[in-house]
Amino acid sequence: MKLGIDFGSAYSTISRYDSENGRAVALTLKEGDPASIPSSVAISKKGTVSCGLIARSKAGLVDLYEAFKMFLVESDSELLRRNGFDEDKTPEYISTLFLQYVLSGVVKKYADIGEDIEQIVICVPEVWRNNIRSIDGCNILRKILKQNIKLPDEREIKAVRVVTEPEAASAFFAHNYELTTKKAFNGHLLLIDYGGGTLDLTLMEISSDGTKTMEIGFRESGGIGENHPDENGKYIIGHAGFSYIRRVVELAILESDDSIDVDELDFESKQFKSAEHQLEDLLKDPSNMSEIEYNFGMFGRYEDFEEILDEDDIEFNEFTFMGEEITVTYQQLYRAYRDTIEKTLNDQLVEMNEKVRERIGIDPCSYESGTNDDFKIALVGGFCSFYLVRKQIESIYNFDSNTENDKRIKNINSDKSEQAIALGAGLIASGRVILQKTARYSIGLYTTDHEGRKHLKYGIRWHQMIEPEKPYYLLFSNDHGDTDSNRLKYAALKNHIENFVVEFSSNEKKGFRLKLKQNMIQRLANIPDGGLWCCGFSMDQNDVISFHVTPAPGSPAIYKGIKIALDSYSNMFEMTSGEEVYDDEI
């Protein structure tokens, strides 16, 4: 059994590749259940744990944990406490409970597919690969899956691979394009991923050989929400699905009773959260989705939707709050959208479109960008399926849903776009799509020469195509290749390694210096005092970096090389006390 997992903040989806129909398929835990499993964990006062749909149904009655994935990389103890975590109920513990529930359910239901889980491909936000604060998130997930999860009947998880959400979604859309057209996709893909807590915008470049191998490279990004730090470095829910639902509930409650003041509403109370879940279920109901499309669709384009405010209140549905039935109107649905979503979505897409324009040389909103088959736009995430979101995006990009000539959306989207990340992960897990590795950041050394000048050299460079497990050495010149004569050689190496440096851009003359912790200093103590040494870095399939120290050519046989896996940066380096450093030009 080989599985893909979209471990989402709001919902999670499991998939596998079905060789009979040549497609990845989403899995359910029980017959009749949806494939999208609420990422929810409930713990009663007696300590009883429930997950998924059952946990959500208990909102308002128990301690409910949601959006816990992003807290895996949170170090602010006060913020963790405010969100219900403590020394025992940590984000790692809650995530373990949820993933244990999901994987045990899959193994039980699909036991005929295989005894063990041969490989899991799990997806993480792009920011976990391009931000020093969250760089260890991948390692935490691997630890959970490899060490914490106990499957039924002593079955094992044999291998875990972490990929980014845009990589997995790109794999799905490119594979879907190739199934539809019988041609390889080579070009740029703009992913608009709108979920419960975040808007992720990513421009990916895809090169495919039309069989299995795809080079999927990250090019530009933007967005707002829990995947994107604010000015204080905090990851908070942004103007996305959760914020919209909260605003609709707030408007409906306040307008149902003039005596209620907004300051009296406790958004974190169990009663309010229960109301939010009720409304979310109503908005996801297929019949209600059709009614929303019909009632707003009567006004034509998105720009004309405000005309609904001139109509008498039109009832949408009801939810229960504090024992009272609260009516929600279409006017409230629209006003809440304008309050929380409209401007943010427009501003973020305008900003991203400028980046795309600079990268590909064409305005992505223009007709010209849709005349060739090498630029596509794909919608991902549950909130992108909401009618108002889709219509606003259509307006921004000037899509005409009745034309067959706009190649930006032709043969790329599908009715499974909401599951794109999970299905892409399933394709990768099966080997149906093979990703080429691209370094998400540069890593190297910051050293001092005999004249006291500071020098910064990288072994692995930002966006470099790399071969897993292969060491890439620090070189005198990047232009002369990896030869014995071109490798930098260090004497008395322990005295020369001041610090490791990382950099999340193409600038090779600056970097963020990581201060070594004592245990890292002790590991480096294994390096001998004498001789000449070459230093390099390798990266495995999961982006775990290793530091290589190799005797220079001609060294005595007594000198042996060492390899140190940098599998947990937070355990080895002082992540918050580093500083930006620069190379001293000669």
Side-chain angles (χ1 to χ4, degrees), residues 126 165-166 169-170 172-174 176-177 180-181 185 187-195 198-206 218-225 238-241 244 292-293 296-297 299-306 334 337-338 340-418 420-421:
E126 177 66 37
E165 291 164 358
S170 297
F172 167 75
F173 286 115
N176 190 60
Y177 174 87
T180 303
T181 66
F185 178 73
H188 288 89
L189 175 62
L190 175 60
L191 295 168
I192 303 175
D193 183 356
Y194 219 172
T198 190
L199 167 65
D200 286 325
L201 305 172
T202 318
L203 181 68
M204 308 294 284
E205 186 171 6
I206 303 172
F218 165 84
R219 294 296 175 258
E220 303 287 350
S221 68
I224 191 170
H239 295 268
Y244 172 69
I292 290 172
E293 182 170 346
F296 282 107
F299 296 94
R301 292 173 56 84
Y302 177 79
E303 291 83 354
D304 301 320
F305 285 0
E306 65 179 10
Y334 179 65
Y337 188 84
R338 291 203 309 183
T340 58
I341 304 299
E342 183 180 78
K343 185 178 186 303
T344 297
L345 178 57
N346 181 76
D347 291 350
Q348 292 297 323
L349 287 177
V350 167
E351 184 178 327
M352 186 63 185
N353 289 337
E354 182 58 35
K355 295 179 183 179
V356 174
R357 187 180 298 111
E358 292 178 1
R359 172 70 64 170
I360 69 175
I362 297 177
D363 181 357
C365 300
S366 68
Y367 171 79
E368 182 185 6
S369 67
T371 57
N372 296 315
D373 224 18
D374 57 0
F375 175 67
K376 302 288 186 181
I377 298 176
L379 306 186
V380 189
F383 199 42
C384 265
S385 65
F386 185 52
Y387 186 67
L388 296 182
V389 173
R390 287 193 287 116
K391 295 302 288 185
Q392 186 180 355
I393 292 173
E394 284 182 15
S395 173
I396 291 171
Y397 288 99
N398 300 298
F399 290 145
D400 182 352
S401 59
N402 295 318
T403 183
E404 291 294 324
N405 297 323
D406 193 334
K407 295 184 178 180
R408 290 174 295 175
I409 53 177
K410 189 176 182 180
N411 297 323
I412 198 75
N413 287 285
S414 80
D415 59 353
K416 302 295 184 183
S417 293
E418 186 176 340
I421 294 172

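Just so you know, residue 1 is the first one in the sequence shown, and it goes up from there. The structure presented is a predicted model; accordingly, all values stated were derived computationally and were not measured.
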For the OG1 atom of T181 and the CG atom of N411, what is their distance to the nearest 0.5 Å? 6.0 Å
Name of the residue among R359, R357, K355 meeting salt bridge (charged side-chain N to carboxylate O under 4.0 Å, His left out) with E220: R359
Give me the ring orientation class for Y194 and F383: parallel if the planes are under 30° apart, tilted from 30 to 60°, perpendicular past 60°. perpendicular
Tell me the closest heavy-atom pair linking M204 and P166, and the distance in Å. SD-CB, 3.7 Å
Could you tell me whether a side-chain N or O of T371 sits under 3.5 Å from a main-chain N or O of E368, the two making a donor and an acceptor? yes
Determine yes or no for a side-chain-to-main-chain donor-acceptor pair under 3.5 angstrom, with K407 supplying the side chain and K376 the backbone. no
Closest non-hydrogen contact found for I412 with F173 is O-CD2, 3.0 Å
Between F399 and I409, what is the shortest heavy-atom contact and its length? CZ-CG2, 3.6 Å
Apply side chain to side chain contact (heavy atoms under 4.5 Å, CB included) to D347 and I224, showing your working. CA-CA 10 Å; D347 291 350; I224 191 170; over 6 Å; no
Do Q392 side-chain atoms and E342 backbone N/O form a donor-acceptor pair below 3.5 Å? yes
Under the criterion side chain to side chain contact (heavy atoms under 4.5 Å, CB included), I'd like the reasoning laid out for E351 against L201: C-alpha separation, chi angles, the key distance, then a yes or no. CA-CA 10 Å; E351 184 178 327; L201 305 172; over 6 Å; no
Does T202 reach the main-chain N or O of I192 with its side chain, forming a donor-acceptor pair under 3.5 Å? no
Euclidean distance, D363 CG relative to E354 CD, rounded to 0.5 Å: 8.5 Å
Gap between atom CG of L190 and atom CG of L203 - 0.5 Å precision: 6.0 Å
If you take all heavy atoms of G370 and D406, which pair is closest and at what distance? CA-OD1, 3.7 Å
Under the 3.5 angstrom rule, does the side chain of N398 hit a backbone N or O of C365 as a donor-acceptor pair? yes
Of the non-hydrogen atoms in C384 and V389, which two are nearest, and what is the gap between them? CA-CG1, 4.0 Å
Rounded distance (nearest 0.5 Å) linking atom CG of L388 with atom OH of Y337: 6.0 Å
Return yes if some donor-acceptor pair links the side-chain N/O of R408 with the main-chain N/O of Y397 below 3.5 Å, else return no. yes
With the side chain counted from C-beta on, respond yes when V356 and F375 share a heavy-atom pair under 4.5 Å apart, and no when they do not. yes
Within the distance-only criterion (no hydrogens, no angle test), does the side chain of R390 pair as donor or acceptor with the backbone N or O of L379 below 3.5 angstrom? no
Which heavy-atom pair separates S395 from R301 by the least distance, and what is that distance? OG-NH2, 3.9 Å
Rounded to the nearest 0.5 Å, what separates atom CG in D374 from atom CG in L189? 12.0 Å
salt_bridge(K391, E394) N-O dist < 4.0 Å: yes
Got a second to check how far M352's CE is from I396's CD1, nearest 0.5 Å? 13.5 Å
Using the ring centroid of each side chain, check whether Y302 and F305 are separated by less than 6.0 Å. yes
Applying side chain to side chain contact (heavy atoms under 4.5 Å, CB included), run through D200 and L191 and close with a yes or a no. CA-CA 8 Å; D200 286 325; L191 295 168; over 6 Å; no
